[in-house]
Amino acid sequence: MKQEAAIIHARTREPLSGRRILMIGWEFPPLQAGGLGVACEGLVRALRLFVDITFVVPVFDDRMAIEGVRVVGMDQEAGECAISLPEWERLEGDQPQLDYYMLDARLSDELRAGFLQQERLQRRTMRELLADGQVYGPHLMRKVATYAEAVAEVFGQGDFDLIHAHDWLTYPAAVRLKKKTGKPLLLHVHALETDRAGPGVRNAIYQVERFGLHMCDRVIAVSEYTRGLIVEHYQVPSNKIEAVHNGIDPQRVFRAEHHVPEKIVAFVGRLTHQKGPFFLLETAMKVIARFPEVRFVVAGTGDKMKEMINWTAYKGLSRHFLFTGHVTRQKVAQLLSVADVYFMPSVSEPFGLSAVEAAQFGIPCVISQQSGVSELLVHALKADYWDTDAFADHILRLLTDPEEHRQRIEWQRLDLEHISWDLAAAGVMNQYRKFLHKN
Amino acid sequence: MPAICLYFQIHQPYRLSVYDFTRIGEDAEYFADDFNRTIMRQMASEVYNPANRILLDMMKKYGEEFRVCFSISGLAWEQMRVAAPELIDSFREMNDLGGVEWVGETYNHSLASLYARSEFERQVMAHKQLMEQELGAVCTTFRNTEMLYANDLVSDLVRMGFRSVLVPFPESFTSSGKSPDHIYRSPVSNRLSCITQNNRLSAELGRFFYEPAHSHYPLKAVKFVQWLDELDANGAEVVSVYLDYGVVSSRAGHREQLPSFLKNLVRVATAHGHLFRTPAQLLGGATPVGDKYDVPAPITWAYGDHSLDAFTGNDLQQEAINRLYELEDAVLAKGDASLLRAWSRLQSSDHFYYMTQRFEERGEVNRYSPYESALEAYNNFLNVLTDLELRVRRG
């Protein structure tokens, strides 16, 4: 893949070496909860060859060492920060004032007002806020707001050429820094609140996203699918957004014998509404009815796990399922090494890294149309997330037709050749050039 | 003066190891051997051994006047052999003194009577055999797991040689004017007598051990005997107090209070003319009342509602139980002793009790469960069961 990326770079004839990118992140391995950290690391590793990168995180960890990249933790660099509500947090033409930290839907208006007063007076450091060791967890909005203050304080001198910020948690920091330094701002959308909470959501996180997407200079979306959602749900002009697909690191794949006599359909992901857990169950029921020698292995946890397990017990179908609970990467690999089909019925999936990992393991994928990865895994079998009849047909075909199964694996291998971090880096570099080649 | 029928049960399950899904098909080490040994040792040293010493003293001192009933599940007996052999010695000593009537039950402390009648019979007979081999005892009194009972058990129990059965006393009986302090007949057969639990006094005595907040805490023997005397005025013949031997808690203070309480209880009660009797003795003397103990649907000794809810009340429990008993024919046909043993151990009602969601629903903790949640208990059990199914069905 290096070759293909090099061609793209050569075409522009401008290496941008020496240009300084300030990346603002939230997760970074090993401190991560989902795919955001993995994506940031992959991207940084590929980009560091072409630009100088300083990567900002809320909490530093010694293990975050990447050669040639400066990783800066706000828990170490920044002092106490009071949360303020400066006038810039008012989006032109938008009202009311974007009081983002307090727009927690769980708080009543009255509580919110009192809470707000207190919070503004309290000076906090990132270190204190993150003392519980959770980058998410309680008081997330307060963490995000304090992070914004801290980043603006530490990097306010503007010793960089461009700001590149990843997901909503970093947008307030990024926008504030842009205002303070006048540097161009590129926002990178890995996921949207509308994916997680549904298209109708208008909560605090949505407001933060909307604010950032309008205030920045350019947007990178992880897929065309996400690009479309940003236009549709956030009213950002489509020509401001570019889709750059994530890459994936090659991994050691292996096949193992499994012990259960049934065929295995694997699902890996959080068990939340976004991942379509009940479309998974409905599909499973239809598959089981026609092909009983099957077991759905559901790996991951989430707020829908209890309901899912209760449902399988209630239906008397538990023998066709296996809920693994929390899984390590190694256990995911073990599962993929024995799976016959990978199933991802997500309601809205900006990218869908897990399906690419499954493809790496040589497992045919059945995925929802409403996913970024469906643009890359051209040969995966697809259906709209609600179409459980179609999902069931696809899975049954793969389980019962060995030739189809073999063919799909082969074709997916071709798809994988077009997925790499070098390609992703080339796409990002093209966006950098829009701002950096002028000076 | 009413006699006192004091009954203790001892049971410890084989708790499961943390059996991750990746172990399915890989290993059949289902049980947490070290953990189980530790618990048995701890229970023995903190609860069972001290309590046994007191009972032995009482038996030596009062002879004929002080007799109690014990039922010890086969699984508990097995684990005592390994982790607390001194307990077995002290039970043998009680046995030699003639101070105990050994009560029959299912070997595995299972719910088989509800789900697999042939398996139920095998387990009851296995337990009978154990008691005969180990103690030379022939059990003629039966107590089912969790005191689970319904009319349809009677013919099986009679056929297996039982003459009496320890049973719960549901509130509906109280409201229809019945008293627990008599010996009842089953409506199905005149060969079987039903000895009903006195809920109030069982609870009072139980609470003595674990509820310091209770108004009578610490319970005085004089108070307890006063209640017995009051029951006498109402025509009580036998007051049956049924307890888990494990409630004799290890909490600080109890160890000192228990001996003096028990000593005083026996002293004061016998002085008031109450004798400590067992069902076999009672059947010789007392005449069963005309009333029938008619229980068409299963009940248990569960505090309050006498329901099965804590064991079979939710879908998780029923699904796990169904899958377990669906293996019966295959596991028997396979004839593999280790698979059969594992299947039997999985039948302990404890495993299903860990899956009850009633505590979580009330924001409480299931303090008998080694798991964080009902779901975790269910998942772990199902992983083990999936492996067992594989091995049983493998050609």
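Everything numeric in this text was worked out from a predicted model, so none of it was measured. Reminder, nothing fancy here: chain letters follow the sequence lines and each chain counts from 1.
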Taking every heavy atom of B:Glu319 against every heavy atom of A:Ser318, the minimum-distance pair comes out as OE2-OG, 2.5 Å

Closest non-hydrogen contact found for B:Arg393 with A:Arg319 is NH1-NH1, 3.9 Å

Does [X] have more than 12 heavy atoms from other residues, nucleotides or ligands lying within 6.0 Å of its [atom1]?
X	atom1	value
A:Arg329	CZ	no
A:Glu257	CD	no
B:Glu372	CD	no

So which part of [X] gets closer than 4.5 Å to some heavy atom of chain A, the side chain, the backbone, both or neither?
X	answer
B:Gln357	side chain
B:Glu389	side chain
B:Leu375	side chain
B:Asn322	neither

Close side-chain approach of [X] to [Y], heavy-atom, < 4.5 Å:
X	Y	result
A:Leu322	B:Asn383	yes
A:Val327	B:Phe21	yes
A:Pro261	B:Leu390	yes

If contact means a heavy atom pair closer than 4.5 Å, which residues of residues 291-315 of chain A contact chain B?
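Only A:Arg295, A:Met305, A:Lys306, A:Ile309, A:Asn310, A:Thr312, A:Ala313, A:Tyr314 of residues 291-315 of chain A have a heavy atom under 4.5 Å from chain B.
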
Can you tell me how far apart CG (B:Leu382) and CZ (A:Phe323) are? Round to the nearest 0.5 Å.
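Between atom CG of B:Leu382 and atom CZ of A:Phe323 there are 10.5 Å.
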
Under a 4.5 Å cutoff for heavy-atom pairs, which residue among A:Val338, A:Thr324, A:Leu317 has the most contacts with chain B?
A:Thr324

I'd like a table of donor-acceptor pairs (distance under 3.5 Å, sequence neighbours excluded) in which one partner is a side-chain atom from residues 22-31 of chain B, with atom names and distances.
residue: B:Thr22; atom: OG1; partner: B:Asp20; partner atom: OD2; Å: 2.5
residue: B:Arg23; atom: NE; partner: B:Asp27; partner atom: OD2; Å: 2.9
residue: B:Arg23; atom: NH1; partner: B:Val18; partner atom: O; Å: 2.8
residue: B:Arg23; atom: NH2; partner: B:Asp27; partner atom: OD1; Å: 2.9
residue: B:Arg23; atom: NH2; partner: B:Glu29; partner atom: O; Å: 2.9
residue: B:Glu26; atom: OE2; partner: A:His259; partner atom: NE2; Å: 2.8
residue: B:Asp27; atom: OD1; partner: B:Glu29; partner atom: N; Å: 3.0
residue: B:Tyr30; atom: OH; partner: B:Asp387; partner atom: OD2; Å: 2.5
residue: B:Tyr30; atom: OH; partner: B:Leu388; partner atom: N; Å: 3.3

